[in-house]
Protein chains: 2
Amino acid sequence: MATGRTHRPATRSRGIPEATVARLPLYLRALTALSERSVPTVSSEELAAAAGVNSAKLRKDFSYLGSYGTRGVGYDVEYLVYQISRELGLTQDWPVVIVGIGNLGAALANYGGFASRGFRVAALIDADPAMKGKPVAGMPVQHTDDLEKIISENGVHIGVIATPAGAAQQVSERLIAAGVTSILNFAPTVLSVPDGVDVRKVDLSIELQILAFHEQRKAGEEAAAVAGAAGDAVTPPSLRADTAAAAAAAAASRKGPDGDVPAVMPA
Amino acid sequence: MATGRTHRPATRSRGIPEATVARLPLYLRALTALSERSVPTVSSEELAAAAGVNSAKLRKDFSYLGSYGTRGVGYDVEYLVYQISRELGLTQDWPVVIVGIGNLGAALANYGGFASRGFRVAALIDADPAMKGKPVAGMPVQHTDDLEKIISENGVHIGVIATPAGAAQQVSERLIAAGVTSILNFAPTVLSVPDGVDVRKVDLSIELQILAFHEQRKAGEEAAAVAGAAGDAVTPPSLRADTAAAAAAAAASRKGPDGDVPAVMPA
DNA sequence: ATGCCTTTGTGAACGCGTGCACAAAGATGG
DNA sequence: CCATCTTTGTGCACGCGTTCACAAAGGCAT
Ligand SMILES: NC(=O)c1ccc[n+]([C@@H]2O[C@H](COP(=O)([O-])OP(=O)(O)OC[C@H]3O[C@@H](n4cnc5c(N)ncnc54)[C@H](O)[C@@H]3O)[C@@H](O)[C@H]2O)c1
Ligand SMILES: NC(=O)c1ccc[n+]([C@@H]2O[C@H](COP(=O)([O-])OP(=O)(O)OC[C@H]3O[C@@H](n4cnc5c(N)ncnc54)[C@H](O)[C@@H]3O)[C@@H](O)[C@H]2O)c1
């Protein structure tokens, strides 16, 4: 899955734990599927299986919303769909802007699932003058010059950043100054934002690197299992000054045609 | 950020906590930037600021890798880059396949950051016969018929799924049967996979819904703050049978031209 | 009505992750 | 060689999240 959080760390949200909030969309999706199949009720066990979680966890999650189940029977599907939607704020319409209409931004604009649950793409914004007016997903791209106007006129509170990493911080500042208080960031940068602004990030590189870590471990374990005592696959924690040279060499060769421009501090 | 995890829950990875593993790529990115600017050493405080984390957390994270710092000085940037890269398994080359070359899949294929750190797109695979041979990001799209052959011939262990949700489970099964043991899933579905296979998911809808939840709370708090006792914005936990009708209505109207097809259980 | 059977809701224990705060390590300057 | 100053590495406490396990609740059949 995508990654973590970057908001106010502990501010309990009316008692609903952050971990629970993150799972509600999962439950909602499973419930919607049941609803479409006209299933009237569902037990915590069944729903948990569909959402891929532990049934006790699901029941505890729901208990934060209230006592919406019936013992011996389960949960009313329609009713739960409504309650969770309301809790997540999906009963209202959320206008969203996408900034940076390149490969990814265009894919996002074309994404149907966007509009599916209360989210409406209010505008597509790009800094490239050549993009101005060009239709993407049946909507003309607008120039960044009008960013503030677009945000305020549409009452936008949620912004999606799909610009190169180098532009992300600046874009976020403009979005926030114009009234945006929630940002979904696809650029591989750490955004620094004022209190009260929520940032969530989606970072492909990080996800792949985490997978690579586990993949390497699997390979190491396997090798270790095959050859009884070939204790080297997982690398020995011994060398130090020796590897310094190799380290420098490795670092020197590391400068591919990347897009991963990290955020750095003064010095 | 993107979302959670779906692998073996507690299997401690040679002592390195999962939370730490998830942050290593962040540190690596910040360190790489320093390296490119030829900064020789960095303190935990500085690096933590660049990565957007607490400095104590960073030091504890590094302590799991070993004692790589020098007291009174800080960490050697090049050396640390090498150590983290090695720990994450990025000193080797990871061939990756992308399955489902639509809007998103094409954007991913064109993404430079992919190749940046040890990941190489080995093949693009799609089920649409019309796509076969069509070049995307300078690489011909191959047909799913050859999926197994492509995986085994290239020694692929990591697969990216960017197909519609309905196809994701089946695609994952073919990938796994062919030898893939790590999957990055962009389709909004819960994949069920055998033990030993890691799945991470990136789910746009979930991220937006989490933002919407917090956004709604902000609006509620604001309203409550403005009007002293207009205690209704956050909804009263009273009604029940009354809202059942509204719930049904809301659910009935909820069936937009979505792509969010959830996974469902038998019955 | 009464009893059985299913399933919820939650108390309690546990484990992981986070952050504080500080002693020890080491560099640096005199 | 010693004193001082910086910064690491970590012991410790705390809080959140997860999971178990079970009593209470309610439907349903008899
Ligand atoms: N393509 C992917 O699959 C993918 C995956 C993960 C992350 N990312 C990240 O998403 C971002 C976008 O990726 P992409 O492949 O679409 O890049 P891209 O170069 O195709 O698109 C970037 C777009 O942003 C616009 N832009 C640049 N500066 C801007 C500014 N200040 N304000 C508004 N618009 C601006 C450019 O004109 C361009 O249209 C990058 O940060 C990339 O690292 C992309
Ligand atoms: N576009 C986005 O921004 C975005 C964002 C988040 C999530 N997603 C999800 O990513 C997935 C892809 O989105 P998209 O917009 O690219 O859709 P798309 O319809 O443009 O592309 C899907 C592609 O998958 C191919 N495909 C279908 N079945 C296949 C199979 N069995 N094997 C191989 N290929 C198959 C299709 O031929 C098509 O090319 C969807 O599940 C979507 O919900 C997309």
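Naming convention: chains lettered A, B, ... in sequence-line order (proteins, then strands); numbering from 1 in each chain.
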Which nucleotide in the list [options] gets nearest to the side chain of [X]?
X	options	answer
A:R59	C:dG9, D:dT10, D:dT18	C:dG9
A:T70	D:dA21, D:dG26, C:dC22	D:dG26
A:A19	D:dT18, C:dT18, C:dG17	D:dT18
B:S67	C:dA27, D:dG9, C:dG9	D:dG9
B:V73	C:dT8, C:dA27, D:dG17	C:dA27

Find the distance [X]:[atom1] to [N]:[atom2] and express it as a whole number of Å.
X	N	atom1	atom2	value
A:E18	C:dT18	CD	P	14 Å
A:Y68	C:dT10	OH	P	12 Å
A:D61	C:dT8	CG	P	14 Å
A:Y79	C:dT8	OH	P	16 Å
B:Y27	D:dT8	OH	P	13 Å
B:E45	C:dA21	CD	C1'	13 Å
A:L47	C:dG9	CG	P	12 Å
A:L58	C:dT7	CG	P	14 Å

Please determine whether a side-chain nitrogen or oxygen atom of [X] lies at a distance below 4.0 Å from atom OP1 or OP2 of [N].
X	N	answer
A:R71	D:dC22	no
B:N54	C:dG17	no
B:S44	D:dT8	yes

* A:R217 versus A:F213: any side-chain heavy-atom pair under 4.5 Å? ->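 Sidechains of A:F213 and A:R217: in contact.
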
* Any donor-acceptor N/O pair, B:S43 side chain to B:E46 backbone, under 3.5 Å -> yes

* With sugar-phosphate meaning primed atoms plus P, OP1 and OP2, does A:Y75 contact a base, only sugar-phosphate, or nothing at under 4.0 Å between heavy atoms? -> sugar-phosphate

* Could you tell me whether B:D203 and A:R29 make a salt bridge, using a distance below 4.0 angstrom between a side-chain N and a carboxylate O? => yes

* Partners of B:A168 by side-chain contact (heavy atoms from CB on, under 4.5 Å), sequence neighbours excluded? ->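 With sequence neighbours excluded, B:A168 shows a side-chain contact (heavy atoms from CB on, under 4.5 Å) to B:I161, B:T163, B:N185, B:A187, B:T189, B:L191, given in chain and number order.
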
* Asked: For A:G66 and A:K60, take the nucleotide of DNA chain C holding the closest heavy atom to each; which residue's nucleotide lies nearer the 5' end?
  ->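 Going by which nucleotide is closer to the 5' end, it is A:G66.
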
* Asked: Who passes ring pair (Phe, Tyr, Trp, His ring centres under 6.0 Å) against A:Y27, sequence neighbours left out?
  ->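 A:Y27 satisfies ring pair (Phe, Tyr, Trp, His ring centres under 6.0 Å) with A:F62 once adjacent residues are dropped.
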
